[in-house]
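Quick caveat, the model's predicted, so the values are computed rather than measured. Start at 1 and go down the list; that is how both ligands and their atoms are numbered.
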Amino acid sequence: MTATPAKRLFIKTYGCQMNVYDSERMADVLRPLGYAPSDTPEDADFVILNTCHIREKAAEKVYSELGRLKALKQEKAARGGGDMTIAVAGCVAQAEGEQIMLRQPAVDLVVGPQAYHQLPELLARTARARGERLAADFAPDAKFDALSADRAVEGPTAFLTVQEGCDKFCTFCVVPYTRGAEWSRPAADVLAEARALAERGVREVTLLGQNVNAYNGPGPDGEIWSLARLARALADIPGLDRIRYTTSHPNDMSDELIAAHGELEALMPYLHLPVQSGSDRILRLMNRKHSAAQYLTLIERLRAARPDLAISGDFIVGFPGETEQDFEQTLSLVREVGYASAFSFMYSPRPGTPAAAMAAPTPEEVSRDRLLRLQALLTEQQVGFNRAQAGRTLPVLFEKKGRHGAQAIGRSPYLQSVHVDDAAHLIGQIVPVHIVSGAQNSLAGQLRQPVAA
Ligand code: SAM
Ligand code: SF4
């Protein structure tokens, strides 16, 4: 955990008991971001006016208070005391919306009564707009952080970071706070690095990004390049035969990228596309901004473009308020999609994220039981997918030596690990392999067609 410098939060509450309660909730969601309550607005780093609309002239009172705060904000900045963020919450915020910011530009945020759980997100966005990072009490959790830093991998495969950060603000996730806003590397830099890798014998690159399919980097032609366009340019690099990318968000799966899966031979038929839950209610609470049906339609469209596409995903069980019925909807989505592989996690509250302050946490034993049931189904699907490869001939990129003699281990187009005897001399090459059998985590193959018994 990073130590968080204490920041001061002043909330002025107008009106009814409901507002008093809401002010306490706002203080609660901001505490993990390092905000400690203060009794006065002088010197506060964050001032919230939690307003009431019930009486006439309430809005006028708010504007005159905002005038005083503006003066304090300017004084604080002039003294080198840093920025003061000013927010208007409550019913006046609801009634007047962004108008408030037009009339009083010192206001940074306007947040209606239904959106207090979004305060961390709104605050992070404001800090970003000023070029600051939120010094939150967040520690990225390696367990959930599928992305590793860009590292040159020994052998014929390599990771290549093309995008960082995330603007999605799923309510369970720390990434938007810890990694900052979405940012894409210039395409020319990515292409130069990929060419250098290909010259060193790399045959396959995996493009990395927290939301890699949101890639929109400046291109060498002055245009903004999408991930599909970047993949097409990478596919033209001599020697680079395979392209993968991870991790993708369903909402950034563009028509162009879907079509690329049908058109671009180098784009491997494997896609990691997390859905997290099959329940629309939970997806809403997670702020995923898509429904289960939209995800399923997307999968259909992807499979129409590339019928053998292997789908992988991420799932969270035991999100706050998840009922047995919600969980069963996840199971039924899994059955409908048929996953080739997947990662599944028990929900774990991350301090400062909106979900951590949500009511109705799921008891641990319930989450554990659901995780086991989900994993049993996902394992069954993975084993089924792997076994179904028996009898096929698949192009395998051999990556490294195996444990026995001259055995070599490579990858199928579907990212399955393939073990082949007497193939160590083929490391670095893509070779047709006859698949003999499939198990949970790997396939066994032979270089020569097995002779029928
Ligand atoms: N950007 C990717 C996406 O949109 O799904 C995933 C990035 S996240 C680092 C990797 C996975 O960790 C998520 O898909 C989610 O399933 C899991 N995860 C993140 N925060 C979690 C939490 N608080 N509790 C449980 N699982 C979590
Ligand atoms: Fe962003 Fe993925 Fe985290 Fe959602 S789960 S906030 S999309 S990194």
Side-chain angles (χ1 to χ4, degrees), residues 32 117-118 120-122 124-125 128 134 136-149 161-184 206-215 227 244-253 257 271-279 282-290 292 294-295 298-299 311-322 327 330 333-334 337 339 341-358 361-362 364 366-368 370-371 374-375 378:
H117 61 286
Q118 288 173 358
E121 168 178 346
L122 295 170
R125 289 189 190 275
R128 284 177 185 184
L134 214 57
D137 205 2
F138 296 131
D141 192 326
K143 186 166 61 163
F144 305 130
D145 209 345
L147 290 180
S148 41
T161 297
V162 301
Q163 183 272 339
E164 277 179 22
C166 178
D167 286 342
K168 298 285 189 291
F169 289 95
C170 299
T171 55
F172 53 80
C173 183
V174 294
V175 168
Y177 307 96
T178 55
R179 305 275 174 129
E182 275 176 14
W183 174 83
S184 298
T206 301
L207 309 178
L208 292 183
Q210 290 294 346
N211 266 312
V212 72
N213 57 342
Y215 177 85
L227 188 68
R244 304 182 186 275
Y245 59 93
T246 196
T247 297
S248 297
H249 191 287
N251 291 1
D252 289 317
M253 214 63 224
L257 190 55
L271 180 63
H272 185 65
L273 195 62
V275 64
Q276 315 297 355
S277 169
S279 152
I282 297 296
L283 288 170
R284 258 194 311 278
L285 289 173
M286 287 178 164
N287 192 29
R288 288 291 290 182
K289 299 193 175 87
H290 62 75
Q294 284 166 331
Y295 180 84
L298 185 56
I299 298 289
I311 305 288
S312 158
D314 287 349
F315 296 89
I316 295 178
V317 299
F319 189 80
E322 185 190 70
F327 174 66
T330 299
L333 178 139
V334 169
V337 172
Y339 285 89
S341 69
F343 299 94
S344 44
F345 307 98
M346 223 158 77
Y347 169 70
S348 128
R350 311 294 290 135
T353 56
M358 282 183 191
T362 307
E364 193 174 329
V366 174
S367 301
R368 199 172 296 281
R370 288 181 189 160
L371 186 65
L374 174 63
Q375 288 182 339
L378 290 168

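- Which parts of ligand 2 touch H249 is read off a 4.0 Å heavy-atom cut-off, strictly below it: atoms 7 (S).
- Residue-environment remark: CD (E121) exceeds the threshold of 12 foreign heavy atoms within 6.0 Å.
- T246 places a side-chain heavy atom less than 4.5 Å from the side chain of L208.
- Short contacts between ligand 2 and F172, defined as distances under 4.0 Å to a heavy atom of the residue, involve ligand atoms 5 (S).
- At a heavy-atom distance under 4.0 Å, only side-chain atoms of R288, from C-beta outward, approach ligand 1.
- At least one N or O atom of S348, backbone or side chain, sits closer than 3.5 Å to an N or O atom of ligand 1.
- Side-chain atoms of R370 and M346, non-hydrogen and from C-beta on, never get closer than 4.5 Å to each other.
- Using cut-offs of 30° and 60° for the angle between ring planes, the Y339 and Y295 rings count as parallel.
- Distances from atom 1 (Fe) of ligand 2 show that C166 has an N/O/S atom below 2.8 Å.
- Looking at Q210 next to ligand 1, an N or O pair under 3.5 Å apart turns up.
- At least one side-chain heavy atom of P120 sits less than 4.5 Å from a side-chain heavy atom of Y177.
- Less than 4.0 angstrom separates some heavy atom of R350 from each of these atoms of ligand 1: 23 (N).
- With atom 6 (C) of ligand 1 as the reference point, the heavy atom nearest to it among D252, T247, V275 is part of T247.
- Between Y347 atom OH and M358 atom CE the span is 7.5 Å, to the nearest 0.5 Å.
- Considering only non-hydrogen protein atoms, atom 3 (Fe) of ligand 2 sits nearest to C173 SG, 2.3 Å.
- Annotation: side chain of Y245 is in contact with side chain of L271 (closest heavy-atom distance under 4.5 Å).
- Side-chain atoms of T362 and E322 include no donor-acceptor pair closer than 3.5 Å.
- The ligand atoms of ligand 2 that sit less than 4.0 angstrom from a heavy atom of K168 are 1 (Fe), 7 (S).
- Counting heavy atoms from C-beta outward, L273 and L298 have side chains that approach closer than 4.5 Å.
- Where the criterion is an N or O separation shorter than 3.5 Å, residue side chain and backbone included, V175 fails it with respect to ligand 1.
- Taking a cut-off of under 4.0 Å to the non-hydrogen atoms of F169, the atoms of ligand 2 that pass are 6 (S).
- Under the 3.5 Å distance criterion, the side-chain polar atoms of N251 are matched with a main-chain donor or acceptor of K289.
- When non-hydrogen atoms are compared, ligand 1 lies under 4.0 Å from the side chain of F345 (C-beta onward) but not from its backbone.
- Numbered from 1 in the order shown, with element, the atoms of ligand 1 that lie under 4.0 Å from a heavy atom of Q276 read 5 (O), 13 (C), 14 (O), 15 (C), 16 (O).
- Within the listing of ligand 2, atoms 4 (Fe), 5 (S), 6 (S), 7 (S) sit less than 4.0 angstrom from a heavy atom of C170.
- Residue T247 does not touch ligand 2, judged by heavy-atom distances below 4.0 Å.
- Proximity of a side-chain donor or acceptor of Q163 to a complementary backbone N or O of Q210 within less than 3.5 Å is detected.
- The protein heavy-atom contact nearest to atom 2 (Fe) of ligand 2 is R288 NH1, 4.5 Å.
- A donor-acceptor distance shorter than 3.5 angstrom exists from the side chain of D167 to the backbone of E182, with no hydrogens or angles considered.
- Only the side chain of P176 comes within 4.0 Å of ligand 2, judged by heavy-atom distances.
- Each of the following atoms of ligand 1 lies closer than 4.0 Å to a heavy atom of Y347: 24 (N), 25 (C).
- Here M346 has backbone heavy atoms under 4.0 Å from ligand 1, and that is the only part of it that gets that close.
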